[in-house]
S.K.: 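A single structure is presented below for examination.
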Protein chains: 2
Amino acid sequence: MQTSTLTESFVAHFGEMGSRWGINRSVGQVYALLFVTQRPLHADEIGDTLGMSRSNVSMSLKELQAWQIVKMERVQGDRHEYFTTLGSVWDIFRAVAAERRRREIEPTLSMLRQALLMSSESETDKYAQQRMQEMYDLAEMANNWFDELQRMSPDSMRRLMSLGSKIAKLLDLKDRFFSSGTPNKDAQTALIKELESLEDPGKNTDN
Amino acid sequence: MQTSTLTESFVAHFGEMGSRWGINRSVGQVYALLFVTQRPLHADEIGDTLGMSRSNVSMSLKELQAWQIVKMERVQGDRHEYFTTLGSVWDIFRAVAAERRRREIEPTLSMLRQALLMSSESETDKYAQQRMQEMYDLAEMANNWFDELQRMSPDSMRRLMSLGSKIAKLLDLKDRFFSSGTPNKDAQTALIKELESLEDPGKNTDN
DNA sequence: CTGAACTTTCAGTAATTTCTGAAAGTTTAA
DNA sequence: TTAAACTTTCAGAAATTACTGAAAGTTCAG
């Protein structure tokens with residue numbers, strides 16, 4: 001397959017970044033190529049275009065399918081298996097988040113759970129367990145948060161993302177609203193106003 | 001330095017996980033040891049305890065200091081440099097998030113910016129650029145979001161994390177409240193009620 | 001200032017991860 | 001049912017990354 005300079009630099013970058021993202025170069029390149037190519041490609045085309053061995057392409061596609069960000073389709077009267085990227089960038093974001101949770105958080109959670117069950121005699125061990133408990137709380141929270149992310153619709157996700165610092169502001173206002181015994185009219189007005197401006201519609205003109 | 005089985009298994013796990021977290025084994029182990037040890041340690045103690053070379057310890061500490069999750073302190077009349085982990089797990093979370101943004105998002109953003117400036121002649125290139133634009137929007141949003149995280153106090157962060165799915169619920173209610181021309185009393189009551197229960201105080205008994 | 005006591009650097013080596021090509025396995029049009 | 005046309009597996013080669021030890025650099029008590 002012919003590729004333009006544009007596509008080539010995108011693919012190359014994804015390959016290099018792969019290592020930082022915890023995926024390997026080949027997998028990154030295959031994904032990048034599929035991502036910017038409109039029609040489905042079969043393994044030979046991919047290997048040919050990227051200059052990598054057939055078996056490496058096969059392995060990479062398998063990995064990407066496991067991540068559920070690439071899907072296979074068959075064409076009647078053609079023995080090739082064709083591949084495309086799956087869904088919108090939001091679906092991809094979600095899939096990647098899920099995989100990272102599985103690989104990066106869950107194993108640590110179960111290790112910490114086990115460590116916290118051990119009995120600690122010495123002062124040293126008591127301190128160590130206390131620190132592990134802190135880390136456990138953090139990890140568990142991150143885990144739950146990923147879990148929520150999983151369940152959200154792409155739309156909710158986009159909106160949540162775009163909220164940013166406004167959430168903190170809202171929490172602040174909420175505190176002031178409810179802390180002062182009887183909620184007063186002014187606090188309520190401020191709160192409602194803040195809610196109204198939550199997503200700052202002035203910004204959303206082209207997405 | 002003597003270490004218990006508890007500490008040893010924690011350190012070992014961090015070493016193994018390191019690779020998945022994009023940090024190397026040695027760095028992970030050094031961090032883990034400092035994390036669960038109450039008093040500051042110097043490089044020799046660390047190398048001795050973990051059975052790694054002096055130079056490897058030095059490199060690892062340098063890396064951890066660059067991440068700003070370990071700090072050095074000096075003791076009067078002692079030429080050793082002593083090291084401890086920095087702050088609470090929330091500070092660590094923030095530092096790690098900052099580093100990941102720098103390494104994992106920013107380079108991609110600048111590559112995409114450049115790619116999007118290239119002129120696209122063919123249909124193929126036009127499609128590729130359209131896809132890159134989608135990815136750019138996502139990456140930029142993630143970037144901004146990390147940025148906000150950076151600015152938040154540990155307390156706000158903890159609260160935001162514990163909100164989880166309630167945010168989505170709140171956005172829903174907000175829509176219903178403002179969409180219906182004149183906000184009605186019922187919608188307002190529901191909204192206020194949801195706000196009130198945002199952090200489910202029943203759960204927050206011991207943190 | 002000095003030099004003992006530390007830390008850092010870096011070139012070479014070891015360990016790990018990635019990639020390939022040959023062989024085995026699978027699928028499907030005829 | 002067959003065999004052509006594909007995909008997958010896996011052992012070993014290549015590439016990358018991590019680690020060490022010796023040497024150079026730095027710091028600070030005396």
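First the proteins, then the strands, lettered A, B, ... as listed; each starts at 1. Note that the structure is predicted; figures quoted are calculated from it, not measured.
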S.K.: I want to confirm an ordering. Mapping B:H80 and A:Q76 to their closest nucleotides on DNA chain C, which one lands closer to the 5' end?
M.R.: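 So the residue in question is B:H80.
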S.K.: Scan A:R25 against the nucleic acid and name what it touches under 4.0 Å (heavy atoms): base, sugar-phosphate only, or nothing.
M.R.: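 Contact class for A:R25: sugar-phosphate only.
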S.K.: Calculate the interatomic distance between A:E16 atom CD and D:dT17 atom P; express it in whole Å.
M.R.: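 Rounded to the whole Å, the gap is 11 Å.
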S.K.: At 10 degrees resolution, what angle do the end axes of the helix from C:dC1-D:dG30 to C:dA30-D:dT1 form when each is taken over five base pairs?
M.R.: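 One end's axis against the other's: 30°.
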S.K.: Any side-chain heavy atom of A:E99 within less than 4.5 Å of one from A:R102?
M.R.: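 A:E99 reaches A:R102 side chain to side chain.
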S.K.: Tell me whether B:Q114 at atom CD has more than 12 heavy atoms from other residues, nucleotides or ligands lying less than 6.0 Å away.
M.R.: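 Not buried by this count: 12 neighbours or fewer within 6.0 Å.
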S.K.: Taking atom CD of A:E140 and atom OG1 of A:T108, what is their separation to the nearest 0.5 Å?
M.R.: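 So the CD of A:E140 and the OG1 of A:T108 are separated by 13.5 Å.
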S.K.: Using a distance-only criterion (donor-acceptor N/O pair, under 3.5 Å, no hydrogens), is the base of D:dT27 paired with the side chain of B:R79?
M.R.: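 Flag unset: no donor-acceptor pair detected.
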S.K.: Is the number of heavy atoms from other residues, nucleotides or ligands within 6.0 Å of CD (B:Q133) greater than 12?
M.R.: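 Atom CD in B:Q133 is crowded, with more than 12 foreign heavy atoms closer than 6.0 Å.
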S.K.: Could you tell me whether B:Q2 atom CD has more than 12 heavy atoms of other residues or ligands within 6.0 Å of it?
M.R.: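 12 or below, so no.
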S.K.: Output the residues of residues 56-71 of chain B in contact with DNA chain C, where contact means a heavy atom of the residue under 4.0 Å from an atom of the strand; sort by number or write none.
M.R.: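 Under 4.0 Å from DNA chain C: B:S58, B:K62.
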S.K.: Measure from the side chain of A:R54, starting at C-beta and using heavy atoms only, and say which of D:dC6, D:dA18, D:dT27 lies closest.
M.R.: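 Comparing D:dC6, D:dA18, D:dT27 against the side chain of A:R54, the answer is D:dC6.
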S.K.: Atom CD of B:E81 to atom P of C:dC6: distance rounded to whole Å?
M.R.: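 To the nearest whole Å, that distance equals 11 Å.
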S.K.: Taking atom NZ as the centre, does A:K126 end up with more than 12 heavy-atom neighbours from other residues, nucleotides or ligands that are less than 6.0 angstrom away?
M.R.: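 Counting other residues, nucleotides and ligands, NZ of A:K126 exceeds 12 neighbours.
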S.K.: Looking at A:E81 and A:R74, is any side-chain nitrogen of the basic one under 4.0 Å from a carboxylate oxygen of the acidic one?
M.R.: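 Yes.
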S.K.: CG/A:N56 to CD1/A:I46 distance, rounded to the nearest 0.5 angstrom?
M.R.: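 The CD1 atom of A:I46 is 11.5 Å from CG of A:N56, to the nearest 0.5 Å.
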S.K.: Roughly how many Å is it from CG in B:D78 to P in D:dC28, rounded to a whole number?
M.R.: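 Nearest whole value for this atom pair: 12 Å.
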S.K.: Assign each of B:S26 and A:R74 to its nearest nucleotide of DNA chain D by heavy atoms, then name whichever residue's nucleotide is nearer the 5' end.
M.R.: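 Residue closer to the 5' terminus by nearest nucleotide: A:R74.
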S.K.: Using the ring of each side chain (for Trp, its six-membered ring), is B:Y82 parallel, tilted or perpendicular to B:H42, with breaks at 30° and 60°?
M.R.: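 Plane angle over 60°, so perpendicular.
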S.K.: May I have the distance from B:M72 (atom CE) to C:dT7 (atom C1'), rounded to whole angstrom?
M.R.: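 Interatomic distance, CE of B:M72 to C1' of C:dT7: 11 Å.
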S.K.: Do A:R94 side-chain atoms and A:M152 backbone N/O form a donor-acceptor pair below 3.5 Å?
M.R.: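 Yes, the answer is positive, given that a donor and an acceptor are paired below the 3.5 Å cut-off.
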S.K.: What are the residues of residues 31-53 of chain B, sorted by number, that bring a heavy atom to within less than 4.0 Å of DNA chain C?
M.R.: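 Under 4.0 Å from DNA chain C: no residue of residues 31-53 of chain B.
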S.K.: Counting side-chain heavy atoms from C-beta on, which of C:dT20, C:dT8, D:dA29 comes nearest to A:S55?
M.R.: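 The listed nucleotide nearest to A:S55's side chain is C:dT20.
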S.K.: Within the structure, does a side-chain N or O atom of B:N24 lie under 4.0 Å from either OP1 or OP2 of D:dC19?
M.R.: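 Checking D:dC19 against B:N24, a side-chain N or O does come within under 4.0 Å of OP1 or OP2.
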S.K.: Aromatic rings A:W90 and A:F93: how do their planes relate, parallel, tilted or perpendicular, breaks at 30° and 60°?
M.R.: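 Judged by the thresholds at 30° and 60°, the geometry between A:W90 and A:F93 is perpendicular.
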